[in-house]
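Below: one structure, written as structure tokens.
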There are 2 protein chains.
Amino acid sequence: MIQKELIGDLKLKWDHMQQAMQKINAGGCLLTVDVNLYYTTGRIYSGYFYLPAEGAPWFFVKRPNGLTGDHVEYIRKPEQMAELFASHGLEMPEKLLLEADELTYNDYIRLQKIFNPKETGNATAMMRELRRIKTPYEIEMFRISAERHAKTYAEIPECFRPGMTDLEFQYEIEKRMRKNGSIGLFRAFGANMDIFMGSILAGENAEVPSPFDFALGGGGIDASCPLGANGTTLKEGTAVMVDMAGNYTAYMTDMTRVFSVGRLPELAYRAHQTALLIESEIENIARPGTPCAELYEIAAKITEKQGLGAYFMGTKQQAKFVGHGIGIQINELPVLTPRSKDRLEPNMVFALEPKYVIPGVGAVGIENSFLVTETGLEKITQFTEDIIQL
Amino acid sequence: MIQKELIGDLKLKWDHMQQAMQKINAGGCLLTVDVNLYYTTGRIYSGYFYLPAEGAPWFFVKRPNGLTGDHVEYIRKPEQMAELFASHGLEMPEKLLLEADELTYNDYIRLQKIFNPKETGNATAMMRELRRIKTPYEIEMFRISAERHAKTYAEIPECFRPGMTDLEFQYEIEKRMRKNGSIGLFRAFGANMDIFMGSILAGENAEVPSPFDFALGGGGIDASCPLGANGTTLKEGTAVMVDMAGNYTAYMTDMTRVFSVGRLPELAYRAHQTALLIESEIENIARPGTPCAELYEIAAKITEKQGLGAYFMGTKQQAKFVGHGIGIQINELPVLTPRSKDRLEPNMVFALEPKYVIPGVGAVGIENSFLVTETGLEKITQFTEDIIQL
């Protein structure tokens with residue numbers, strides 16, 4: 001029914017979910033959005049996954065998804081779940097968790113009517129909270145993504161030809177990503193966060209603010225996808241920031257490297273070195289218990305000391321954050337912001353991305369994906385961190 | 001504030017929306033999901049678009065999106081809209097339309113609290129209904145997409161090398177798509193419909209049913225994206241169905257062509273010719289007023305007459321539809337199903353896709369995008385329709 005290597009991982013996740021449900025007196029949770037189905041069943045399908053606070057899960061499936069077995073029920077519409085609960089003598093939960101931050105209003109209302117619980121709770125909040133702490137299997141997936149991510153980045157210099165635009169450069173990189181196993185999809189939490197394969201920012205385009213909640217922006221090629229490369233020619237003295245997706249498994253690594261066409265102005269190198277200093281400072285002090293806000297403060301202080309505040313995380317619009325959890329979605333918890341109340345915990349995986357935008361030149365800085373271990377951080381995206389001259 | 005060539009188009013859309021609102025006594029509609037923002041403002045941003053049933057629209061913007069002017073207000077959180085309504089003397093609508101099939105439950109509830117209308121209605125339903133009928137500007141965008149779509153398809157034979165897999169073939173096509181201006185994003189209405197750049201189906205993989213609501217399936221390369229090419233070697237006697245996205249503008253054309261490695265079994269050619277016959281029969285009879293269900297019936301009858309029922313729209317799982325509206329999303333209205341109550345209307349744009357899956361060989365058939373004119377259909381995706389031998 002489910003691959004052997006996966007079933008142990010899924011059971012571990014179900015256990016954590018049941019503990020979380022019991023803590024808030026929830027009787028069960030019903031999941032249907034892509035990332036939660038993938039997390040709890042190892043696949044994405046049209047249908048539902050139901051986990052009671054105690055006992056085995058149920059799979060309600062609208063179209064064949066490879067699952068068979070006792071607790072797999074084929075349905076045409078969600079209303080049939082109520083009949084199936086009755087015919088199997090399954091208890092309807094008094095408090096039901098539904099994906100309140102992901103389900104559409106009408107879908108939520110429909111499920112609420114079907115289950116008619118005394119109380120509903122937010123499955124999105126619970127799942128995002130649980131998904132912060134990665135399982136051994138998930139960490140293994142990150143390692144595979146990281147390895148392929150680094151392999152692709154090593155091929156980036158081959159993609160460059162003098163006189164090309166950022167887009168032409170990106171298309172070559174995209175093809176190598178795909179050859180190295182990129183699944184292509186880039187999943188984010190929240191509305192209006194669509195992005196295609198990642199972002200390349202060069203020259204003045206690096207200053208264009210993002211209309212979405214991403215760190216940096218770029219104009220993009222169409223108003224229906226206003227982000228990233230915009231056709232800027234990669235001329236002498238341009239910094240080219242490559243932040244292409246690490247979507248080589250469902251667990252995305254996040255990694256940014258900077259390439260230069262010829263030599264850059266000194267300010268660019270100084271800012272880049274400052275980003276590396278921030279990274280190594282954070283690697284030195286971060287461990288389980290470290291407040292996420294402190295990581296932001298370290299970055300802000302070092303930036304200030306170097307007099308680079310005007311360039312930090314943008315110029316015209318400056319993102320007040322320096323990193324974010326990663327996973328099946330690119331923006332999982334925790335978030336490294338000055339206001340974060342979170343602390344690092346073992347088996348969190350996050351991206352740290354101190355970046356500077358240098359007007360007229362482009363963006364510089366670094367981004368790596370880190371695993372929080374029992375004693376500190378482990379960098380899982382290993383690749384040379386200096387500015388690479390093309 | 002808005003490009004000149006766009007403003008006329010937007011005003012036309014706003015007029016239609018206001019007429020639709022007046023018919024159902026709605027006082028205003030508030031839009032925030034990507035496709036509706038794009039449709040009504042020509043851009044996607046983090047924020048809201050408010051159109052009262054009478055009068056000029058308002059733009060509430062969370063992050064810079066290029067809009068400036070009298071009715072553009074910057075906000076940090078949606079609650080500020082209530083204050084801005086008050087300070088501008090704007091009337092709060094008694095009946096407010098919200099995107100009930102697209103907004104998350106929590107976002108919907110939050111907006112409902114802010115506006116506190118006596119009644120809410122479904123903006124998703126209204127917008128999908130209006131978006132069925134395309135404006136002259138939108139039709140122009142389709143024509144651009146169609147031209148680039150055909151240009152890419154003409155380059156497909158160059159992508160083939162003997163012994164390659166469906167994936168290797170796809171990566172070459174993807175790169176040509178991008179060079180020809182593909183934006184990359186592929187938008188669909190509804191949950192769990194993620195697909196990357198389109199679909200290539202070859203050999204036995206064409207029989208693998210889709211766990212989503214797409215016509216055909218394919219196993220894909222990862223359980224987090226279970227669709228399309230799966231690494232099948234393109235060996236002699238294989239049909240390769242190419243259904244890659246026409247996302248060259250925000251308005252996607254849909255077009256499928258079949259390529260063969262060497263010669264295919266006779267059944268494949270006979271099925272392909274039957275698909276072409278269905279297409280030409282439908283081109284002959286379809287005009288404004290034709291029931292969409294009738295288009296499906298024509299396809300089903302011709303298929304039956306040819307004794308090809310077992311292969312039509314899949315084998316293990318057969319989709320009961322033969323086409324669908326297209327636009328900013330790949331699955332707009334109308335849908336060409338036996339149960340459809342819709343009739344064709346001028347300026348609808350839809351994809352017609354009679355397809356057959358031949359076990360062990362692959363999929364054959366055709367897909368083109370059609371504009372409904374005052375007198376019939378106009379095929380906008382022009383490219384040779386025979387099976388092309390690689």
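Below, chain A is the first sequence line, B the second, and so on; all start at residue 1.
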First locate atom CZ of Arg161(B), then atom CZ of Phe169(B), and finally report the distance between them rounded to the nearest 0.5 Å. 10.0 Å
Which portion of [X] sits near chain B, non-hydrogen atoms under 4.5 angstrom:
X: Met193(A); value: neither
X: Pro64(A); value: both
X: Thr120(A); value: neither
X: Lys179(A); value: both
X: Glu102(A); value: backbone
X: Glu99(A); value: neither
X: Ile195(A); value: backbone
X: Phe212(A); value: both

Any chance you could lay out the salt bridge (charged side-chain N to carboxylate O under 4.0 Å, His left out) test for Arg187(A) and Asp194(B), step after step, and finish with the verdict? CA-CA 10 Å; Arg187(A) 295 191 161 98; Asp194(B) 275 334; 3.4 Å; yes
Glu147(A)/Lys151(A) ion pair, N-O < 4.0 Å: no
Check each atom of Asp222(B) against the heavy atoms of chain A and say whether the ones under 4.5 Å are side chain, backbone, both or neither. side chain
Which atoms of Leu103(B) come close to chain A, meaning under 4.5 Å heavy atom to heavy atom: side chain ones, backbone ones, both, or neither? backbone
When only pairs under 4.5 Å are counted, which of Ala100(A), Ser46(A), Pro209(A) shares the most heavy-atom pairs with chain B? Ala100(A)
Can we call the ring centroids of Phe196(B) and Phe196(A) under 6.0 Å apart? yes
